[in-house]
Number of protein chains: 2
Amino acid sequence: MSLRYAILASLGNRAQTGYEIARAFDRGVGYFWQASHQQIYRELGRLAEDGAVEFETIDQAGKPARKVYGLTARGRDALRAWMTTPAAPPVVKDELLVRLYAGTHAGPGDLRAEVERHQAACVQRQAEYEAIEARYFDDADKLAPELRLMHLTLRKGLLTNAAALAWFEEALALLGELDG
Amino acid sequence: MSLRYAILASLGNRAQTGYEIARAFDRGVGYFWQASHQQIYRELGRLAEDGAVEFETIDQAGKPARKVYGLTARGRDALRAWMTTPAAPPVVKDELLVRLYAGTHAGPGDLRAEVERHQAACVQRQAEYEAIEARYFDDADKLAPELRLMHLTLRKGLLTNAAALAWFEEALALLGELDG
DNA sequence: GGGTTCATGTAATCGGTTACATGATTCG
DNA sequence: CGAATCATGTAACCGATTACATGAACCC
């Protein structure tokens with residue numbers, strides 16, 4: 001049920017097209033909630049049916065018309081009501097750890113290469129997060145409250161990634177040792 | 001598709017009933033892959049149909065018969081083949097961060113209480129992980145390779161949780177400031 | 001007496017993924 | 001010349017959640 005509210009939250013900041021929301025799920029929001037464009041378009045349709053969002057159609061030459069969605073009063077109320085309900089604990093699904101857990105069924109070399117691949121991706125993601133922090137949240141304490149809260153979600157990404165990087169070191173040390 | 005392999009990985013260590021696998025998903029495996037008992041029973045049924053697992057039925061008085069599942073040669077092969085396929089990046093779904101992202105739609109006091117609740121849960125989980133580490137992985141470098149890899153997955157839990165705890169401090173500091 | 005543990009499952013529904021479809025513009 | 005970006009969606013399928021069902025044993 002939370003995709004619904006993640007979309008409403010994103011629209012709470014500013015009106016957006018489905019495409020833009022999907023992009024936000026690739027970048028900022030995506031750190032803590034993932035969704036594909038198909039899911040987003042479907043959910044936007046339902047939200048419009050329920051009167052939680054409304055859209056303005058803007059024709060374009062050669063492209064499908066932009067549908068710029070915004071919150072209605074009803075949508076804002078629904079979001080506010082949801083905000084005070086208890087949040088479920090975070091859900092993690094990590095295929096790499098499943099593989100390590102079953103590690104003895106593969107050669108350690110295979111695991112090692114895969115761990116290094118994920119490490120590289122993590123290093124890159126961390127660099128992106130750091131760039132965003134430097135660019136938009138440098139003088140953080142002077143920003144508006146909503147921006148400071150967004151910064152806080154980015155901080156979670158940064159801290160979690162840093163922990164992941166430390167873990168990759170441990171993982172590669174162990175795999176190196178087991179590989180001999 | 002990975003639930004299938006998470007189950008096979010768990011059975012790779014020792015034969016288990018569906019109930020025991022479900023409990024393992026609440027504790028150890030559950031840090032990196034979550035599944036309900038309904039999902040597990042269904043998947044075990046499919047795995048048995050496909051000949052990847054087999055089970056022995058042990059009648060019990062007053063309880064449903066235990067079905068102790070174990071890997072077949074075919075299941076072991078399927079697991080080994082999967083091990084060398086690339087792992088998808090980890091997926092995170094964190095409702096609390098969705099709420100913070102949309103923070104200005106609630107009173108800061110509401111958010112604060114919720115953050116504190118999650119912090120308390122995190123402190124407790126960390127204590128559990130530490131207890132498991134002290135109990136089973138104390139003299140880690142002397143253990144068998146498969147146990148050392150399990151320890152590695154626990155390490156990821158410990159490091160990620162520690163990062164979460166640091167983040168909770170930042171979060172409460174900010175919410176306190178915004179609340180005034 | 002009431003809650004937790006053990007132990008199995010079914011059925012309905014909802015959420016998420018994969019595959020398909022279209023087509024102009026911009027960048028390397 | 002090909003890939004990425006912008007911009008919309010549909011359809012089929014698979015994965016996950018919620019609700020329901022049963023019942024004994026054990027602990028507080």
Range on DNA chain D touched by chain A, heavy atoms, distance below 4.0 Å | dT5(D) to dA16(D)

At less than 4.0 Å, is any side-chain N or O atom of [X] found next to OP1 or OP2 of [N]? Yes or no.
{"X": "Gln39(A)", "N": "dG16(C)", "result": "yes"}
{"X": "Arg23(B)", "N": "dC6(C)", "result": "yes"}
{"X": "Gln38(A)", "N": "dG16(C)", "result": "no"}

Judged by modelled atom types alone, do Arg99(A) and Thr84(B) share a side-chain donor-acceptor pair under 3.5 Å?
-> no

Verify the distance criterion only: is there a donor paired with an acceptor across the side chains of Ser2(A) and Glu95(B) at less than 3.5 Å?
-> yes

Whether [X] and [Y] hold their rings parallel, tilted or perpendicular, with breakpoints at 30° and 60°:
{"X": "Tyr129(A)", "Y": "Tyr31(A)", "result": "perpendicular"}
{"X": "Tyr5(B)", "Y": "Trp82(B)", "result": "parallel"}
{"X": "Phe55(B)", "Y": "Tyr69(B)", "result": "tilted"}

First encountered from the 5' end of DNA chain C, between Arg42(B) and Tyr69(B) = Tyr69(B)

Would you mind telling me which residue lines up with the more 5' stretch of DNA chain C, Glu20(B) or Lys93(B), judged by nearest nucleotide?
-> Glu20(B)

Let me know, please, whether Glu43(B) or His37(B) comes out on the 5' side of the other along DNA chain D by nearest nucleotide.
-> Glu43(B)

Applying a 4.0 Å non-hydrogen cut-off, can you work out what [X] is touching in the nucleic acid: base, sugar-phosphate, or nothing?
{"X": "Gly18(A)", "result": "sugar-phosphate"}
{"X": "Ala35(A)", "result": "nothing"}
{"X": "Gln60(B)", "result": "sugar-phosphate"}

Do the side chain of Arg42(B) and the main chain of His37(B) share a donor and acceptor less than 3.5 angstrom apart?
-> no

Could you tell me whether the side chain of Arg117(A) and the main chain of Ala87(B) form a donor-acceptor pair under 3.5 Å?
-> yes

Side-chain heavy atoms of Asn13(B) within contact of Met150(B), under 4.5 Å | yes

Can you tell me how far [atom2] of [N] sits from [atom1] of [X], to the nearest Å?
{"X": "Arg46(B)", "N": "dT10(C)", "atom1": "CZ", "atom2": "C1'", "value": "14 Å"}
{"X": "Tyr41(A)", "N": "dG15(C)", "atom1": "OH", "atom2": "C1'", "value": "19 Å"}
{"X": "Gln34(B)", "N": "dG16(C)", "atom1": "CD", "atom2": "P", "value": "14 Å"}

Any N/O pairs under 3.5 Å between the protein and nucleotides 23-28 of chain C? List them or say none.
{"unit_1": "dA24(C)", "atom_1": "O4'", "unit_2": "Gly62(A)", "atom_2": "O", "d": "3.2"}

Atom of Ala24(A), atom of Gln16(A) and distance for their closest heavy-atom approach | CB-OE1, 4.4 Å

